[in-house]
**Q** 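Here it is, the structure in full.
The structure presented is a predicted model; accordingly, all values stated were derived computationally and were not measured. The sequence lines fix the lettering, A, B, ..., with proteins before strands; numbering per chain opens at 1.
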2 protein chains.
Amino acid sequence: MPLRRTALKSGPTKTATGQATSRGATREQVDVAIRTGLLAGRFIPGKAVTIRGLAAELGVSPMPVREVLQRLAAENALEVKPNGRVQVPDMTPARFDEVLKARLLLEPELAELALPHLTAGDAANLQSIDNDIDECLVSGDAEAYMRLNHAFHFSIYRATASKVLLPLIDSLWLQFAPFMRTVYGRVGTASLVDRHKEAIRAVELGDKQALRTAIAADISQGMGLLGKEILAGA
Amino acid sequence: MPLRRTALKSGPTKTATGQATSRGATREQVDVAIRTGLLAGRFIPGKAVTIRGLAAELGVSPMPVREVLQRLAAENALEVKPNGRVQVPDMTPARFDEVLKARLLLEPELAELALPHLTAGDAANLQSIDNDIDECLVSGDAEAYMRLNHAFHFSIYRATASKVLLPLIDSLWLQFAPFMRTVYGRVGTASLVDRHKEAIRAVELGDKQALRTAIAADISQGMGLLGKEILAGA
DNA sequence: AGCAGAATTTTGTGATCACAAAATGACACG
DNA sequence: CGTGTCATTTTGTGATCACAAAATTCTGCT
């Protein structure tokens, strides 16, 4: 039983809404659907995900789902077990340390590279996102918080038009996001801290070093402290 | 017409040689076949690669090839153009700089993490690989050199049993390997320099900092100098 | 009731098909 | 001789099928 029949596709070359579909459009839609679901924490680590299940839920044939699952497995966002079953990998302390280390190496670097491309308008946009984040923190909407936090960071990183570093960081976010969702589910969102305002100020001033430290601190405090605590308790 | 009929599969559950095939074995074989081909530089950047072509060459149906190509595209080892065609992405100066930067950030780090796990036997194995590399340099076998150089680095990195950093570095190698093959094709292998002996000595001594600098220097000199020169001339 | 074993259903995999878009080649016209 | 146009072929995509392995459920025995 499909949870929600989004009916991505109906006609051969046009969708019900009249929108033209180009090459690989179905796969693309399936890809963003699953990807955003992962980043928003709508998938539970350890929970198996079936091809036919997702296909039915999205109203498409198993075919594009198979390919997307393979893609996400290649990015280590999903794990293919020896029997072929696909599941969201569950977090281990060793894995968590590695993701944290990799983030601290790559994200400040890409932020610095992005800095020259960021305009005043971008800074204002970041400010707007951060305001929405503050609302989510008090309202306790963890899913919206994760979506906005992702938008905040990648609004910076994407300014580089990077084709190498950015995909690597993308892969990292896909790996830790589902776990962080479970963390927020336990500790709530009220205790979350970030260094976004420092980052915005660094962007406005064009201060490379300040941006690096703000991003690094944001990662260490937002992810590092919470995660280590949970993993120690589990 | 298949260039070489390797006939990976014939029967439903057994192959012609009587070897038992388990779940996803065909895809696995296709994956390593293309992956090693990429790392050895047997694919030319910019050259399109067709599903049916590879399928015929490997003696399998297009199905597993499709999934493997999607995987490699997700790792940025291959590029899917808007029309759906898949090709080895060609190198640009910006892309090259990013790969170099990412390698310098990640590989010394993972090498340092690997150091405590490396035994005297591992050091001897590295020495053996490096001896083979020296032979390739004088004989001019670029493909064997690339394979051995990859084996050298990943013999170190794999000691960590890393599930995060290692795949990231894997992705990077898949991205620059095809380009480097073209570089070696132009300048030959005689002029290649590496810092492998320093790295081996650092492993033997258990010197973290020395290993880091050896790896970093190996990357900068082996890849950085050559690549920048070629890209400048192109 | 507890549990081993068989029957049934679910699931991933590889193959094949139909179709449309794109690339390629042939060919006539300026 | 170059060039635009049309026919042919190639190619990716999504769907469906057949099959085997795995998971699940049911059943019968102790």
**Q** Whether A:Asn83 contacts C:dT11 is assessed here as follows: a side-chain N or O lying under 4.0 Å from the phosphate OP1 or OP2. Is that the case?
**A**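 It does not, given that no N or O in the side chain of A:Asn83 lies less than 4.0 Å from OP1 or OP2 of C:dT11.
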**Q** The side chain of B:Ile51 lies closest to which of these nucleotides: C:dA15, D:dT13, C:dT13?
**A**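 Of C:dA15, D:dT13, C:dT13, D:dT13 is nearest to the side chain of B:Ile51.
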**Q** State whether A:Ser61 places a side-chain N or O below 4.0 Å from either non-bridging phosphate oxygen (OP1 or OP2) of D:dA15.
**A**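 Looking at the OP1 and OP2 atoms of D:dA15, one of them is under 4.0 Å from a side-chain N or O of A:Ser61.
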**Q** What's the closest nucleotide to the side chain of A:Pro64 if the choices are C:dT13, C:dG14, D:dG14?
**A** D:dG14
**Q** Pick the nucleotide of DNA chain D nearest each of A:Gly24 and A:Arg85; which residue has the one closer to the 5' end?
**A** A:Gly24
**Q** Counting distance alone, no hydrogens or angles: does the base of D:dG12 have a donor or acceptor under 3.5 Å from a partner atom on the side chain of B:Arg52?
**A** yes
**Q** By nearest heavy atom, map A:Leu69 and A:Met63 onto DNA chain C; which one lands nearer the 5' end?
**A**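 It is A:Leu69 whose nearest nucleotide is closer to the 5' end.
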**Q** To the nearest angstrom, how far is A:Gln87 atom CD from D:dA23 atom P?
**A** 12 Å
**Q** Salt bridge check: are B:Asp90 and B:Arg95 linked by an N-O gap of less than 4.0 Å?
**A** no
**Q** Starting at atom CD of B:Gln29, determine the distance to atom P of C:dG14, rounded to an integer number of angstrom.
**A** 10 Å
**Q** For a quick test of reading the model, state the closest non-hydrogen atom pair linking A:Pro178 to A:Phe43 and the distance between them.
**A** CB-O, 3.8 Å
**Q** With a 3.5 Å cut-off and just heavy-atom distances, do the side chain of B:Arg66 and the base of D:dG14 make a donor-acceptor pair?
**A** yes
**Q** Between B:Arg27 and C:dT13, is there a side-chain N or O to OP1/OP2 distance below 4.0 Å?
**A** yes
**Q** For the pair made of CD in B:Glu67 and P in C:dG14, what is the distance, rounded to whole Å?
**A**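 B:Glu67 atom CD is separated from C:dG14 atom P by 7 Å.
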**Q** State whether B:Trp173 and B:Arg103 meet the cation-pi test: NZ (Lys) or CZ (Arg) under 6.0 Å from the six-membered ring centroid, and within 45° of the perpendicular axis.
**A** yes
**Q** Are any of the side-chain nitrogens in B:Lys163 or A:Glu98 under 4.0 Å away from the carboxylate oxygens of its partner?
**A** no
**Q** Nearest of D:dA20, C:dA15, D:dT13 to any side-chain atom of B:Arg23?
**A** D:dA20
**Q** Within this structure, what is the NZ-to-C1' distance between B:Lys81 and C:dA21, rounded to whole angstrom?
**A**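 My rounded result for the distance is 16 Å.
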